[in-house]
Amino acid sequence: MTRKQKTSDTLANDSLTAIILEIPLNLAKAIWGFLVKISKNRSGFIGFLGLVAYFILTFILPSFIPFDDEANLDEITGPPGSRIQLAVHVDNADVYQSLEDLEGRVVGVVTQTGGPSFIAPYEDTLTVEEFRWSSRRTGPGIQAALTALANQEIDAMLIFSKSVDEVITNQEDPDLKALFDANIVISNPTLGPRHWLGSDTQGRDIGSHIVHGGRILILTAVLGGVISTGIALVFGSLGALLGGTVDNVLTALTNLILAIPRFPLLVVLAGLISFNNTLFLGVLIGVLGWPALMRAIRAQVLSLRERDFVEAAQSLGLGMPHIMFREILPNMISFVIINFIFSITFAMYEQIGLVVLGLAPISDYTWGVMLYFGRTRGTLFNSDGASMALSPVMAIALFQVCLVLFARALEELFDPRLRSGLV
Amino acid sequence: MVSQTSPMLEDAKPESATERIIERAMKIYQNYILRVLLQAVLTVWAVTSFTFILIRLMPGNPIDVLVEQILVQEGISYEEAYARVASSFQFDPDASTLDQYLDWLGDLIRFDLGESITSPGTKVIDEIARFLPWTVFAVGAGLLISFILGIVLGMAMAYYRNSPLDHLLSLFASFITGIPNYIWGLLIVIILGIQFGLFNVGQLRGTYASDVEIGFNYPFISSALAHAALPIITYVISTLGGWMLNMKSSTMSVLNEDYVNVAEARGLRDSRIISAYVGRNAMLPLFTQLTISIGFVLGSGVVIEEIFVYWGLGHYLFASITTRDYTSMQGVFLILTMTVVMANVLADLGYGLLDPRVRVSGEK
Amino acid sequence: MGKMKDDVVLQVDDLSIVYHTIRGDVKATNNVSFELRKGEAMALIGESGSGKTTISLSLIRKLPKNAEVTQGQVLYQRENGEVQDILQLSNRQLREFRWQDCAMVFQGAQNAFNPVLKVSKQFEDTARAHGWSDKKAVRQRSLELLKLVRLDPERVYDAYPHELSGGMKQRTLLALSVLLSPQIVILDEPTTALDILTQRAIIDVLNDMQEKLNFSIIFISHDLSLAAEMADVVATVYAGEIIEIGPVNDMFYESLHPYTFGLLAAVPKLDHEQDVLTSIKGTPPNLINPPSGCKFHPRCRFVLDRCNVDVPALTEDLGSHLAACWNKEAVVEARKEQV
């Protein structure tokens, strides 16, 4: 008796551990199977890898890379790489590579370029000679400094990347131009702090903003996608399964909402409500975004309902919930997942579109907000600052492309006949 | 022929069977058009009513917006500022939403969209007439080009499926559809306009240069084309990929149809098979998508026109939103909805011309 | 070009076709040879997958892209005596050859017509593609043909395909197939997917048409009763080979190959009272790795030791009746027992 009980106990334990072990094992198997499948579709695999990279970039990297919120006048609208360069005489090109090499030497800076404040900590070890900033970009301040450098009156010069080239190439005086060309080289093009993506109009590191600016945006888009897909799924299957008045009302509602120009409506709502929470925007986008998908899901459920296995279940008297969740849903889950991904791209599209118009909250410093400032603060018109707009543009564009590639690959993988209901 | 039959019978039985069929078909077809049109009118009414009420329910009306501005700027009392603004606006904020709605509806029946609230004396319909053609031009040209291009490329992909060309074009199509259209707009402005200086963004503000005379003359047309070029290119790039991929899958399923096989066995010329047998059938499902696309592209015009400072309907809508100009917003919405619904109606009727099978099902 | 007898319109010599697939090469047709005389109706019978359709598709060179003709020729003799190898035609010549010289009515006419074009348009298309653009003449000829297939010519000619029933479409396709007076019409399962009455009507129409227009027919069927009724010559196809060929009566009453014999035993006969229907055991052979020797030997009732080693050739026994078998005597014996 006791023995028997014991065996049943161990059996229960066994099965429990077996189940506990089995779940992750099966999950791992499923994931592995999926990876093997997706790796055969080249563009799908690229999309998948891209999404994984985006996950790391926006959800893991923020813990390691701090958000740069410190205005830094030295670095205002810097190009990718480093803003500050070290110019030296040709003869010293190999000698002077850093400020440490210049100990005891004379270094020229031009006032108002940010150079003086950058060099301030080194003032004890080297001599700083300031040249007055006297005109626009090609002003004589820089010109005088370059002349001094060419004549070896000073040993090195700190200068902003673009101005050196510009002053040298745009030099109208042929003698000076020959002098500069012959004598001046840039020994260290990346003297200052390195910004991989450059710096914005306040001299903050754009790279850190990219790392931090994706999470809220992606979460909002996913939220919008979840809500719109959810509503579409519920309404679409209710309409198709219940038919009659419910179906008529839902279909009429769908057609009506489809007739409203969706983005302008969002613009109006956003302009009138003035949100202060990005996630709320996701809810709004989701609530308005379901009709097209609802139609597609309704059509899917209608066609699935005609299939033999569903009719068999119906004749067995299995209830509507059983038919929906056990028979129909598993058969269109891939369709729903694919359209869920497409609805994320739509939510992303609308969300950022609103931000570009300046109608969405700018409290979170997202890629959209970066894009907004990159555009409105005139950095578009300064080629050094193009990165301020281009970086978020690329981040958004590549994310969307990865989503689309991934979704299209899933489409081919699951069932090439199922076409998405969205354009 | 003199007949003895009663007039009732004569009425019920026209002379020949074919005539009877034709007559009945005409009747049904006319009814069908009538029904479609009625539905369209109802939809437009429902949507505009919906947006009307929605707009009024939102906090902040045009007077509040301006009053607040004046309060901040001039430091006079609220009542004073309110009275001043209210007197200059043709808008009574105390009127109930229902009264406003009935007024608006009454005007609408007489095709009167009212006057702008923020700039009294300006008729909304005139403003729309000024801005709408440019949007229709840009969106229409963009969609037409991308539709045709997409159909040609999509068919090419289907004919050469699994070739390097197909893989390349598929990737290209996924890539360009993935990127939002305003991003394309910004990329064009930043990279082509500013980095490479291919054009002067500032000069392309508006819809045509201010120094040309409107009319059928070269300077005006070339100027209008130059101003519309960037929005059109943006619309083309952002919609092309969708057409390509859809046309490819549609063509591939048509290529498997028996009638294509039979057409080849009949010794038809390839050009005839591609155009009338494959192309025409493969294009059918894309027409329904075209109507969805028209609504979508028109809607997204708000951002695109802002980016390129193209003075179309989207630009006008955005301006009226920032000033909370209810009547203007209302008018633009009406027009946008009408355009989308009309596109749907035209597509419905046009689809019947393209696919004879629909003419039958349309009767139901 | 090779010589052909005057009364032969089509001569297939030693034709072999291979399908290249991922799993290997499918030998769909092996060393097939036959002649089709003018005005003659030939039936190709056999199980599905035996290669009947491949043979017929090769006659108008409409094989799938992964197919390759590895050897043989298909000679066609025009009415003026000119002989051409269809496999050597240029694309332009081929396009002209199709339908004008040899029309093919595919299986399942349900979707044979472009749904967006009127029937008239599709007749005109066909005529124009072969240089006949006189619409009135085309219309007149088409109406005659539609009448011949017992349809209401005016109504059908101006209809859209979806307005016609399945049987009407099939008959319209038959009319279309002879629009350009081809010498040969290939019919692939002309009556499947039709109800019995429509099948009957189609057969009558076909007989009628052939009598009036005097073209040659190759038809593919697994409906043996249809073959018996329509064909002058019957060929049995098994595993991509013609294993028996002969005049229809010889084939049905004096079949010499165990496979043909088995096929006939599997058909219910109205004039016999008893009849236990016997089916052929086993499944059609794998054509990627076909059996050695006679390909039928694994399923054969009368198998001999040599059957899995030596390949039997088509040999003449009685006049024009040929069969490829090592043990024809056993088949003859078995039939005697049966009767």
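Computed over heavy atoms, backbone and side chain alike; hydrogens, waters and symmetry mates excluded. Just so we're on the same page: letters track the sequence lines, and every chain starts at 1.
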### Query
More than 12 heavy atoms of other residues, nucleotides or ligands under 6.0 Å from CH2 of W184(B): is that the case?
yes
### Query
If you round to the nearest 0.5 Å, how far is CG of N339(A) from CD of Q300(A)?
8.5 Å
### Query
What closest approach, in Å, do Y349(A) and P180(B) show between heavy atoms, and which atom pair accounts for it?
CD1-CB, 3.3 Å
### Query
Is chain A contacted by the side chain of I176(B), its backbone, both, or neither, given a heavy-atom distance below 4.5 Å?
neither
### Contacting moiety of V393(A), where chain B heavy atoms sit under 4.5 Å
both
### Contact origin within S300(B) toward chain A - heavy atom pairs under 4.5 Å
both
### Task
Find the one option among C402(A), A397(A), S43(A) whose heavy-atom pairs under 4.5 Å with chain B are most numerous.
A397(A)
Would you list the atom pairs, donor with acceptor, under 3.5 Å between side chains in residues 284-293 of chain A and any protein atom, with sequence neighbours excluded?
{"residue": "W290(A)", "atom": "NE1", "partner": "V287(A)", "partner atom": "O", "Å": "2.9"}

### Query
Where does L298(B) contact chain A at under 4.5 Å (heavy atoms): side chain, backbone, both or neither?
neither
### Query
Side chains of Y316(B) and S328(B): donor-acceptor distance under 3.5 Å anywhere?
yes
### Query
Judged by atom type as modelled, is there a donor-acceptor pair below 3.5 Å linking the side chain of S250(B) to the main-chain atoms of M247(B)?
no
### Message
Please report the interatomic distance OG(S387(A)) to CD1(I210(A)), rounded to the nearest 0.5 Å.
### Response
7.5 Å
### Query
How close do V355(A) and Y372(A) get, heavy atom to heavy atom, and via which atoms?
O-CD1, 3.4 Å
### Task
Please look at I396(A) and chain B and tell me whether the side chain, the backbone, both or neither of the residue comes under 4.5 angstrom of a heavy atom of that chain.
side chain
### Message
Do T177(B) and M244(B) have side chains that approach each other closer than 4.5 Å (heavy atoms only, starting at C-beta)?
### Response
no
### Message
Counting only non-hydrogen atoms closer than 4.5 Å, can you tell me which residues of residues 253-260 of chain A sit against chain B?
### Response
L256(A), A259(A), I260(A)
### Part of V302(B) lying under 4.5 Å from any heavy atom of chain A
both
### Query
With chain A, which of N181(B), V340(B), T239(B) has the greatest number of heavy-atom pairs at distances under 4.5 Å?
N181(B)
#### Entry: Option in V401(A), L405(A), V404(A), L371(A) with maximal non-hydrogen atom pairs under 4.5 Å from chain B
V401(A)
### Query
Is the backbone of M388(A) close enough, under 3.5 Å, to the side chain of S391(A) for a donor and an acceptor to pair up by distance?
no
### Query
What's the shortest heavy-atom distance between T135(B) and G314(B), and which atoms?
OG1-N, 4.2 Å
#### Entry: Side chain, backbone, both or neither of V303(B) within contact of chain A (heavy atoms, under 4.5 Å)
both
### Closest non-hydrogen atom pair, M394(A) against Y54(A)
O-OH, 3.8 Å
### Query
For L217(A) and G213(A), which heavy atoms make the closest approach, and how far apart are they?
CB-O, 4.0 Å
### Query
With only heavy atoms counted, which part of I46(A) is less than 4.5 Å from chain B, the side chain, the backbone, both or neither?
neither
### Task
Identify, with sequence neighbours excluded, every residue that meets ring pair (Phe, Tyr, Trp, His ring centres under 6.0 Å) alongside F147(B).
W243(B), F287(B)
### Summary
Most contact-rich option vs chain A, by heavy-atom pairs under 4.5 angstrom, among L171(B), V332(B), L317(B), I183(B), is I183(B)
### Task
Please list, in residue-number order, every residue in residues 37-48 of chain B that has a heavy atom less than 4.5 Å from any heavy atom of chain A; write 'none' if there are none.
T43(B), A46(B), V47(B)
### Query
Between Y310(B) and H315(B), is any pair of side-chain heavy atoms under 4.5 Å apart?
no
